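Computed from a predicted structure; not experimentally measured. Order of listing sets the numbers, starting from 1, for every ligand and every atom in it. We count residues from 1, following the sequence as given.
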Amino acid sequence: MRTSITRGIAAAGAVVLLTLGTACSNEREGSTGTDGGDAKGFAKDSLVGVALPAKTSENWVLAGDLFTNGLKEAGFKADVQYAGASTTVADQQAQISSMVTKGAKVIVIGATDASQLSTQVAQAKQAGATVIAYDRLITNTPDVDYYIAFDNFKVGQLQGQALLDGMKAKKAKGPWTIELFSGSPDDNNSKVFFDGAMDVLKPLIDKGDIVVGSGQKNIKQTAIQGWKAENAQQRMDSLLTSTYSKKKLDGVLSPNDTLARAIITSVKGAGKPVPVVTGQDSEVESVKSIMAGEQYSTINKDTRKLVAETVNMVKSLQKGDKPEINDTKSYDNGVKVVPAYLLPPVIVTKETAAEAYANDPKLAPLTK
Ligand code: BGC
């Protein structure tokens with residue numbers, strides 16, 4: 001519920017907002033997590049800022065155009081920016097500050113580094129903008145109003161289960177030997193994906209049905225900085241040399257498609273049979289690989305849906321309505337539980353690809 005204090009602040013002018021900035025933050029901190037802040041409505045043609053990370057996977061590339069078109073169709077002015085590949089954090093900080101200066105009423109952020117945006121989102125809040133964390137949570141700040149994403153823990157669980165199913169299909173009984181990979185440590189999703197996967201795999205590891213060949217089981221050892229393909233390929237190369245000169249590798253938990261393809265390239269380069277490798281994002285090259293029987297699985301997180309739901313959130317805020325949320329407990333960012341709208345991810349294998357991508361004009365032809 002919005003409180004009268006929050007409504008009062010929202011109704012006040014910019015100067016008053018600045019003076020009451022701290023009270024406003026405290027008010028939100030003290031809330032139950034369902035308080036999205038100061039939705040009082042704003043002009044229909046207002047500016048909406050969208051700050052996206054570097055283009056580390058196809059989903060981000062797609063999101064940019066979808067936001068530009070979706071926001072314009074809804075009548076807003078859109079300022080959609082990407083962080084550069086090597087100066088990501090500084091780029092994104094500057095882009096968000098500039099959106100605030102230009103008077104954006106809502107700022108949608110796909111964070112490059114979850115914990116490095118508190119100054120910028122504080123500026124946004126003080127200027128009266130609503131901050132929506134898109135796909136990746138922003139941490140250690142009271143100044144994020146909403147989170148919208150696919151259910152990341154579920155993504156991890158689906159990946160863990162797919163790894164197991166794929167290995168069972170090749171060899172009915174364990175023990176199976178695997179390696180674990182996780183995403184970039186500066187992305188809050190990486191831990192959530194990993195925890196979801198370990199929710200399925202850890203009981204089997206504890207029983208000895210699954211063996212992590214290298215012994216590298218914790219998230220620090222498995223992390224791939226920047227979600228970069230070359231870093232994953234390098235780690236897989238070293239694992240193959242250190243552990244698999246004689247031993248057989250049955251499966252690899254890969255958190256996304258970019259890394260999955262890098263892992264497969266490494267294994268093939270070493271002249272080894274391709275193990276069961278999971279993925280995420282339904283990238284074109286990975287869907288082709290799945291259809292060719294190499295990569296085992298991916299996850300369908302339809303970016304068109306996620307962007308459409310985000311634009312719906314912005315429309316609700318414009319009208320002064322409270323946006324729809326369906327989760328008020330999962331995403332504690334270290335300062336507050338951020339009210340979230342989570343969409344269901346879908347696991348895809350060769351068997352289910354045709355059905356999963358039936359409505360996707362880009363992917364459907366690949367499954368024929
Ligand atoms: C997204 C994934 C993506 C990864 C790398 C994550 O935050 O949720 O879909 O594969 O970033 O870009």
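Contacts between F150 and ligand 1 below 4.0 angstrom, taking non-hydrogen atoms only, are absent altogether. Heavy atoms of D135 found under 4.0 angstrom from ligand 1 belong exclusively to the side chain. No part of N152 comes within 4.0 Å of ligand 1, judged by heavy-atom distances. Neither the backbone nor the side chain of Y134 comes within 4.0 Å of ligand 1, counting heavy atoms alone.
With atom 7 (O) of ligand 1 as the reference point, the heavy atom nearest to it among V155, V61, D187 is part of D187.
At the shortest separation from atom 4 (C) of ligand 1 among protein heavy atoms lies W227 CE2, 3.6 Å. Nearest to atom 12 (O) of ligand 1 among the protein's heavy atoms is S57 OG, 2.7 Å. Scanning the protein for heavy atoms near atom 9 (O) of ligand 1, the closest one is D281 OD1, 2.6 Å. Counting only heavy atoms of the protein, atom 11 (O) of ligand 1 lies nearest to R136 NH2, 2.9 Å.
Side-chain N/O atoms of D257 and T298 include a donor and acceptor closer than 3.5 Å.
Applying the 6.0 Å contact sphere to CD of E355 captures no more than 12 heavy atoms from other residues, nucleotides or ligands.
Close approach of ligand 1 to K301 (heavy-atom distance below 4.0 Å) involves ligand atoms 1 (C), 2 (C), 8 (O), 9 (O). Near F193, with a cut-off below 4.0 Å to any heavy atom, the atoms of ligand 1 are 8 (O). Every atom of ligand 1 is numbered from 1 in the order shown, and the set under 4.0 Å from a heavy atom of N59 is 2 (C), 3 (C), 9 (O). Residue T56 approaches ligand 1 through these ligand atoms, each under 4.0 Å from one of its heavy atoms: 5 (C), 12 (O). Residue W60 approaches ligand 1 through these ligand atoms, each under 4.0 Å from one of its heavy atoms: 11 (O), 12 (O).
Taking all atoms of both residues into account, the shortest heavy-atom contact from A354 to T367 is CA-OG1, 3.5 Å.
Salt bridge K315/D321: absent, no basic N to carboxylate O contact under 4.0 Å. With respect to K202 and D206, a salt bridge is recorded, a charged nitrogen being found less than 4.0 Å from a carboxylate O. The pair D79-K77 does not count as a salt bridge, with every side-chain nitrogen at least 4.0 angstrom from each carboxylate oxygen.
If you run side chain to side chain donor-acceptor pair (under 3.5 Å) between E294 and each of K288, K268, K350, only K268 comes through. When each of K322, K125, K105 is paired with D145, the salt bridge (charged side-chain N to carboxylate O under 4.0 Å, His left out) condition holds for K125 and for no other.
Ring geometry, F42 versus F76: the interplanar angle falls from 30° to 60°, so the pair is classed tilted.
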